[in-house]
Amino acid sequence: MKRTIALLAGDGIGPEVAEVARRLITALSDVAGIRLNVEDHPIGGAAIDAHGEPLPKATLQAALAADAVLLGAVGGPKWDALPPERRPEAGLLALRKALDVYANVRPVRSVPALGNLGPLFAAEPIDLVIIRELTGGLYFGRPRGISGGVGARQAIDTLVYTEAEIERIVRLAFKMAEQRSGRLTSVDKANVLTSSRLWRDVVERVQADHPSVTVRHVLVDAMAMELVQKPWVHDVIVTENMFGDILSDLGGALVGSLGLLPSASLGERGPHLYEPVHGSAPDIAGRDAANPTGMILSTAMMFEHSFAMPDVARAIAGALDDTFADGFRTADLVRPKASAAEDGGDALRVVGTQAFGDAVIERAVARLKARGVYA
Ligand code: IPM
Ligand code: MN
């Protein structure tokens, strides 16, 4: 069976990490003997420059018609002067909404081979998953906008959730908690926000259907602290759109780099959307310095969730571990030396985006071949 992947590279480092994903997909489909057709389409700032809008109709149609959508990153200083609804980010939000990918699954896992990468280094391994509601909340509130003259303007954003929107993400989170440790943390701001009161209420109602899952409600401010102080007490974390956005960057810091984190944005039936958690990183764009790990693992999630090929996903994840264990690092994974005495002795190979990708691809192909599943 032939499958089509819509590859939306976007802006900044997006095209660089997308290139790694393209080569990974090609290499693995050759080994696995499957036909995967990768089609490129513009989104974000690149689409604004070429077609005057961040999500051109042709891109949206291609995404809706694809078997899976893989996205690099959008945004950058070039488009900063545009109003929110015409910015590159608006294209991504419209795409998420159109695909109705309400569940953004963001695994946060530490890589033991990386060692201590910064002040948040946790001695115990971290392995948790943030489930971020993706198509509601502040990101999609109505009405919105600015009115009035300079000096007396008013800006409106609204945080709206329907019970149905909360229920579907919460049900997915309970199911995932059942498959993992049986622990679920629901993050809200129920001491202030009415939407959080409803959120909590729905969590408690759905809990009745999942007696084996232990639920903790944690306020988002306390959660920021707990994630730093004792991340291992959490396993599956479910939260609304903006809290999930903020906490997942914190998750990146916990494991050493935002560049490590992948995500799968899942809907009821698909096509699903796969995107690294990081942004377009304009400061390092075009320098072959980006860490493609988030994109590589997002591609693995695509093989697992959209193509039901968990063995390919495992080969990719294992290949990444091998690559790190062999000493390969992108620049974000090299801790600045605290002193001259710390220098030397490291057998690290700091390489660019494409070379790192090549190292992973080579190992992923070897792993798949070694399994003997594919000729
Ligand atoms: C993310 C990003 C996006 C978001 C931006 C680019 C709109 O930060 O996927 O986390 O806020 O959802
Ligand atoms: Mn974000």
Side-chain angles (χ1 to χ4, degrees), residues 8-15 17-18 21 42-48 53-55 59 63 69-80 82-108 129-141 144 157 159 165 169 187 220 223-224 227 237-255 257-267 272-285 290-291 293-295 297-299 301-302 332:
L8 318 183
D11 311 317
I13 60 170
V17 297
I43 194 168
I48 294 175
E53 46 185 342
L55 182 63
T59 298
V69 184
L70 199 52
L71 183 133
V74 297
K78 184 174 177 192
W79 306 280
D80 263 353
L82 294 172
E85 65 279 8
R86 287 176 42 213
R87 289 174 62 95
E89 290 83 352
L92 174 55
L93 299 192
L95 177 69
R96 289 171 176 170
K97 196 73 172 175
L99 294 172
D100 198 22
V101 284
Y102 64 92
N104 184 219
V105 178
R106 298 183 154 185
V108 179
V129 53
I130 297 172
I131 301 180
R132 168 190 178 194
E133 201 291 326
L134 200 62
T135 50
L138 272 173
Y139 278 59
F140 295 94
R144 57 181 296 176
D157 286 301
L159 204 178
E165 282 174 320
I169 187 84
V187 177
V220 63
M223 188 63 182
L227 272 180
I237 297 164
V238 64
T239 191
E240 67 96 39
N241 203 341
M242 178 162 274
F243 296 160
D245 179 46
I246 297 168
L247 293 179
S248 49
D249 272 41
L250 177 47
L254 282 179
V255 295
S257 173
L258 192 55
L260 293 170
L261 302 190
S263 85
S265 302
L266 308 175
H272 307 299
L273 168 67
Y274 300 86
E275 37 177 334
V277 172
H278 65 69
S280 61
D283 51 325
I284 57 163
N291 184 345
T293 302
M295 187 61 153
L297 287 173
S298 298
T299 307
M301 292 179 92
M302 175 187 77
D332 57 312

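By convention here, the first residue in the shown sequence is residue 1. On a predicted model such as this, the values are computed, not experimentally measured, just so you know. Counting starts at 1 for both ligands and their atoms, following the listed order.
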Distances only, to 0.1 Å: what are the N or O pairs between ligand 1 and the protein that fall under 3.5 Å?
{"unit_1": "ligand 1", "atom_1": "8 (O)", "unit_2": "Asp245", "atom_2": "OD1", "d": "3.3"}
{"unit_1": "ligand 1", "atom_1": "9 (O)", "unit_2": "Arg96", "atom_2": "NH2", "d": "2.8"}
{"unit_1": "ligand 1", "atom_1": "9 (O)", "unit_2": "Arg106", "atom_2": "NH2", "d": "2.9"}
{"unit_1": "ligand 1", "atom_1": "10 (O)", "unit_2": "Arg106", "atom_2": "NH1", "d": "3.4"}
{"unit_1": "ligand 1", "atom_1": "10 (O)", "unit_2": "Arg106", "atom_2": "NH2", "d": "2.9"}
{"unit_1": "ligand 1", "atom_1": "10 (O)", "unit_2": "Arg132", "atom_2": "NH1", "d": "3.3"}
{"unit_1": "ligand 1", "atom_1": "10 (O)", "unit_2": "Asp245", "atom_2": "OD1", "d": "2.9"}
{"unit_1": "ligand 1", "atom_1": "11 (O)", "unit_2": "Tyr139", "atom_2": "OH", "d": "2.6"}
{"unit_1": "ligand 1", "atom_1": "12 (O)", "unit_2": "Arg96", "atom_2": "NH1", "d": "2.7"}
{"unit_1": "ligand 1", "atom_1": "12 (O)", "unit_2": "Arg96", "atom_2": "NH2", "d": "3.4"}
{"unit_1": "ligand 1", "atom_1": "12 (O)", "unit_2": "Arg132", "atom_2": "NH1", "d": "3.1"}
{"unit_1": "ligand 1", "atom_1": "12 (O)", "unit_2": "Arg132", "atom_2": "NH2", "d": "2.8"}

- Of all N/O/S atoms in Asp245, the name of the one nearest the Mn ion (ligand 2):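 That would be atom OD1.
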Do the side chains of [Y] and [X] get nearer than 4.5 Å, heavy atoms only?
X      : Y      : value
Asn241 : Leu138 : no
Tyr274 : Leu266 : yes
Ile246 : Val220 : no

- Query: Is the Mn ion (ligand 2) less than 2.8 Å from at least one N/O/S atom of Asp249?
  - Reply: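 Checking Asp249: none of its N, O or S atoms is under 2.8 Å.
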- Query: Can a donor-acceptor pair be found between the side chains of Ser280 and Asp11 at a distance below 3.5 Å?
  - Reply: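 Asp11 and Ser280 do not have a side-chain donor-acceptor pair below 3.5 Å.
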- Using modelled atom types only, decide if a donor and an acceptor are shared between the side chain of Thr293 and the backbone of Gly259 within a distance under 3.5 Å.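 Not confirmed, Thr293 side chain does not pair with Gly259 backbone.
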- His278 (side chain) donor-acceptor with Leu261 (main chain) under 3.5 angstrom: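 Absent.
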- Before giving the answer on side chain to side chain contact (heavy atoms under 4.5 Å, CB included), spell out for Leu227 and Ile237 the whole-Å C-alpha distance, their side-chain angles and the decisive distance to 0.1 Å. CA-CA 11 Å; Leu227 272 180; Ile237 297 164; 4.1 Å; yes
